[in-house]
Amino acid sequence: MRDELNDIPRGAAAVRAAGAARLSALAEPEPWDEDWKRCAFQPAELTAFRPYGDGVRAEALPSSPGTDPDPSNPEPVASGTELAESPALRLVFERGRLATLELSDAARASGVRVEGLDVLDAAAAERLARFAVDSPDRADARAWAELSHGARILVPAGVGLEAPIVVEFLEGGEGAFAAPRLFLELGRNARAGLRARFRSAGAGSDADCAVAGGVVAELAEGSRLDGAILQSFSDGTPAYLRLDAALGANAVIVWREFHLGSSRVRARSSVRLEGEGARADLEGAWVLAEKQVADLGTVQRHLAPRTASDALYKGVVAPGGRSAFRGLIEVAKAASKTDAYLANRNLLLGPGARADSLPALAIGTNDVRCTHGSTTGRVDPAQVHYLETRGIPSAEARRLVADGFAGEIADRVPESMRDLVAAALAERMARAAAGGVHA
Amino acid sequence: MSAPVPAGPVAAVPAAGKPSSVPAAAAAGPVAASSVPIDAPASADPGVGEYQFGFSYPDKSVFRTRKGLDEEVVRAISELKEEPDWMLANRLRALAAFGKKPMPAWGADLSDIDFDEIVYYARPQDRPKGSWDELPEEIRETYRRIGVPEAERKFLAGVGAQYDSEIVYHSIRADLEKKGVIFCSPEVAVKEHPDLVRKYFGTVIPHNDNKFAALNTAVWSGGSFVYVPKGVKVDIPLQAYFRINSESFGQFERTLIIADEGSFVHYIEGCTAPVYATDSLHSAVVEIIALPGSRVRYSTIQNWSSDVYNLVTKRAVAYAGATMEWVDGNIGSKRTMKYPAVFLMGEGAHGEVLSIAFAGKGQEQDTGAKIIHAASNTSSTVTSKSISKDGGVASYRGMVKVGEGLRGIRSRVVCDALIVDPRSTSNTWPTMEVLSDDVAMEHEARVSKIGDEQLFYLQSRGLGEAEASAMIVNGFLDPLVKQLPMEYAVELNRLIELEMEGSVG
């Protein structure tokens, strides 16, 4: 049955074609290209990875929900149960293949649909292809051109899902190129929570593939998405994860992202506030140990009046680690009464740590309030001193302050996911500290 | 541009395409006779909001190169200045670099600049003068209208005035000269203080630093050379005044300031030009060496007319315990790209940039600051205030970099932008690169409009809308204006008031 579905490639072919066209229209970045020079890999390097096995590409999901996954698939290494006890939808992909698909009765009854990207109808494919057409760089365009797997999830108008949607992408296979994309559509006044995890399948060099992809969210008028993603790929997996969200009038996105894996990571979260009154609340955190490089960024694009956005991104960098954060608040002429804020805070744990910060404003009209702030420094001696006066040894005090710095954002993820994030954060902090917290 | 140029200096090649009002006699004679009537300024009493320095006098250069740039032109300039070989070699090296360097791929739109249509050198008279009375009438009249002689009497320690390519006037107070302070044109410095010039020229901004610095190094003419000996404090400012009078002209002044240990100097420059139909290019290079314990303050109020491309490289090195301050006001020009830089090379050095930009109709002010922390226990502050109006684009572009293995670094950057109407644009492009952990680095930026409440409050107190908005803008700039000498502050406030007239949208 599945093969039959694969034989009628509908939507995804159009999306891939849009990606391929975009890829050929973009030039490889020059070595001094501002957008790429702080990244630990270049778009051209992705060509060395072979696309996820032809034939395994874009495993089609059944177009009617509730069908059991392909029994020929190997047993999944994880079923995503850590992310939520009883989700509305649980979707797990392993190395490009669908491993788990469970839709709750309540979600099914309310009309939530899940479908493989290859069976998108023409209209949905066109909506998704819009993001491929607007792809900002060659690495992302390549990911669209070689779109390997993923799903479209539709929450119909007026539906408010109590339980979250849980999605896991496990990628692996030495030398493979994984290009997963999740396409989330929320109808008018729909509400949903997303908890997504991107991590490596397997261990050792077998886990080391390259990943480029992420989440596309189309939020209709009045809808709301509460999303959180945890990225914890193996060190040897260069990864580029994006959020591309388009918001209609009065739609709201709340986004929390944690980059606690991969030694070469690039991430961009880009929100387009297209409808009047739309609002975005973005937060992110990362911890880098020695020899780890992160190139992260946000784009808050205000295209309609009375839109609001707020971004807070915090990074911890140990000696030998390097981070760059690039943020942009862009306000179109039409977007009067915009209220936008962007903050980047970097904590350096010792000599030899590096953090670059590039928060930008491009404001095209006057009736706005746009502000950004950036700070970079080491553990605040005043805070350490306070803890010392309470009897906590100096090294311990420093660790507590550093933990609290990144923990601020972890504290704001939904409860059932918080433990998972906290554990990943603690593990990464311990590794960063092993490189030597500056005493 | 392909017109053949006879070898050697050519006298009085009249410029093509001059305003029709130029009397034939003026264009024909190599040296202006005082009996030749000067061109009446376009408007004796410029209306409110007009560019008040937009008058011009006929171009009576005694020598000018043909349009366009090649080795011959560079050799002609060097020969005319009777330069030593090392300076000519430096110019030719820079000319080669200019040909190789790409145009900046970022910042303001420079695609209209046609390097072949520019006159790179024009000499207005034979020798610089030491007294205003000796100057040709129209040059004297120009500076009288700008108010320079009066300013010199009132509050300056020395004045240099540049008209097109050459310094036409230079003077310095006798007591400072006695203490060993040198304030002269760089041409004079090359002849009279070659050791100092050779030691420092091109050390802060290399000949191939960027396309426009290379261009300046190849064809530089005029500017200032300042040397302040150990421990000498020049208590009132030195000033240079730059004036472009010719059309389609490139002014490439070169300034080198050396503040020896423990000294202090405040240098001010002002710039104006008449309005012509074709664009002119101003591309200066300013190098400052603040030796240990010295303090240098460099203030600019750039008020070029709206057809001047202003592409300037300004950089200072500050050694241990030295302080370098740039006060950079950009009101005029069509496009400006200017990012005064401070390299903090020794412990305890401090760098400061105060930047004011006003982008009105058709203007693009791409300004900012660059601070490099290359030594421990150094600090820096950048304060930028910009105003965009009538579709103007004001951009702050800045870089703060902290090198590796340093301790005790503090840096703070604050950008405040005011957008007056819905058509105008404000951009902020900061970059911070931090390679040491013992750092306190802060950056803040705000973009806002003139507050309705503020306007309402002032109007309820009986002020007109224009008056009220001018007052708010002046208040917005106040923290910076306070840093200027009083005469400049008054002038700047008046310029802002003129620019703000009838502007609230």
Side-chain angles (χ1 to χ4, degrees), chain A residues 30 32-34 38 317-319 322-381 437-438, chain B residues 102 105-106 386-389 391 393-452 504-505:
Chain A
E30 302 284 354
W32 54 84
D33 185 291
E34 263 299 328
R38 293 163 214 276
V317 188
R322 200 172 91 210
S323 87
F325 176 82
R326 168 188 305 277
L328 172 63
I329 294 174
E330 195 180 285
V331 179
K333 288 257 178 274
S336 58
K337 309 234 181 284
T338 285
D339 191 339
Y341 183 67
L342 164 67
N344 171 220
R345 314 256 173 258
N346 297 307
L347 183 69
L348 303 175
L349 294 182
R354 172 174 180 170
D356 297 349
S357 181
L358 300 92
L361 300 172
I363 314 297
T365 190
N366 71 324
D367 192 3
V368 298
R369 196 171 60 189
C370 297
T371 311
H372 71 213
S374 163
T375 55
T376 300
R378 55 178 183 172
V379 173
D380 183 356
V437 173
H438 188 55
Chain B
W106 42 272
S386 76
I387 297 161
S388 355
K389 177 180 164 283
V393 179
S395 300
Y396 169 83
R397 196 179 298 275
M399 154 77 97
V400 179
K401 182 165 182 164
V402 178
E404 222 173 322
L406 304 180
R407 302 186 64 84
I409 307 293
R410 305 191 71 84
S411 176
R412 183 170 161 78
V413 178
V414 179
C415 304
D416 246 334
L418 192 62
I419 312 183
V420 174
D421 56 57
R423 286 164 299 159
S424 305
T425 299
S426 170
N427 299 315
T428 311
W429 309 109
T431 298
M432 284 150 275
E433 294 186 350
V434 181
L435 281 72
S436 292
D437 68 309
D438 187 3
V439 166
M441 166 92 57
E442 285 177 64
H443 171 97
E444 268 172 48
R446 280 183 294 271
V447 176
S448 55
K449 63 166 189 167
I450 293 178
D452 291 335
V504 175

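Just so we're clear, the structure is a prediction, and the values are computed from it rather than from any experiment.
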Between chain B and each of A/G377, A/G373, A/C370, count heavy-atom pairs under 4.5 Å; write down the option with the most.
-> A/C370
Out of curiosity, B/W429 CH2 to A/L361 CG, how far, rounded to the nearest 0.5 Å?
-> 8.5 Å
Under 4.5 Å from any heavy atom of chain B - which part of A/L328 = side chain
Side chain, backbone, both or neither: which part of B/S424 has a heavy atom under 4.5 Å from chain A?
-> backbone
Picking from B/R412, B/E444, B/R446, B/E433, which has the most non-hydrogen pairs under 4.5 angstrom with chain A?
-> B/E433
Derivation of the side chain to side chain contact (heavy atoms under 4.5 Å, CB included) call for A/H372 and B/T428 | CA-CA 10 Å; A/H372 71 213; B/T428 311; 4.0 Å; yes
Max heavy-atom pairs within cutoff under 4.5 Å with chain B, candidates A/S357, A/A343, A/A362, goes to A/S357
With sequence neighbours left out, what residues match A/K333 under salt bridge (charged side-chain N to carboxylate O under 4.0 Å, His left out)?
-> none
Could you have a look at B/I409, B/I419, B/D452, B/V439 and say which one has the most heavy-atom pairs with chain A under 4.5 angstrom?
-> B/I419
Between the OG atom in B/S395 and the CD1 atom in A/I363, the distance rounded to the nearest 0.5 Å is 11.0 Å
Salt bridge (Lys or Arg N to Asp or Glu O under 4.0 Å) contacts touching residues 360-372 of chain A (sequence neighbours left out) | A/K337-A/D367, A/D339-A/R369, A/D367-B/K449
Smallest separation among heavy atoms of B/P430 and A/A360, with atom names = CD-CA, 4.1 Å
How many angstroms lie between CG in B/D438 and CZ in A/R378, if you round to the nearest 0.5 Å?
-> 3.5 Å
Region of A/R38 in contact with chain B, defined by heavy-atom distances below 4.5 Å = side chain
Side-chain donor/acceptor of A/N366 to backbone N/O of B/V420, under 3.5 Å | yes
Heavy-atom pair of closest approach, residues A/L349 and B/D437 = C-OD2, 4.5 Å
Counting only heavy atoms closer than 4.5 Å, note whether B/A440 contacts chain A via side chain, backbone, both or neither.
-> backbone
Shortest non-hydrogen contact from A/D356 to B/V434?
-> OD1-N, 3.6 Å
Of all heavy-atom pairs linking A/T375 and B/E442, the shortest is CG2-CG, 3.9 Å
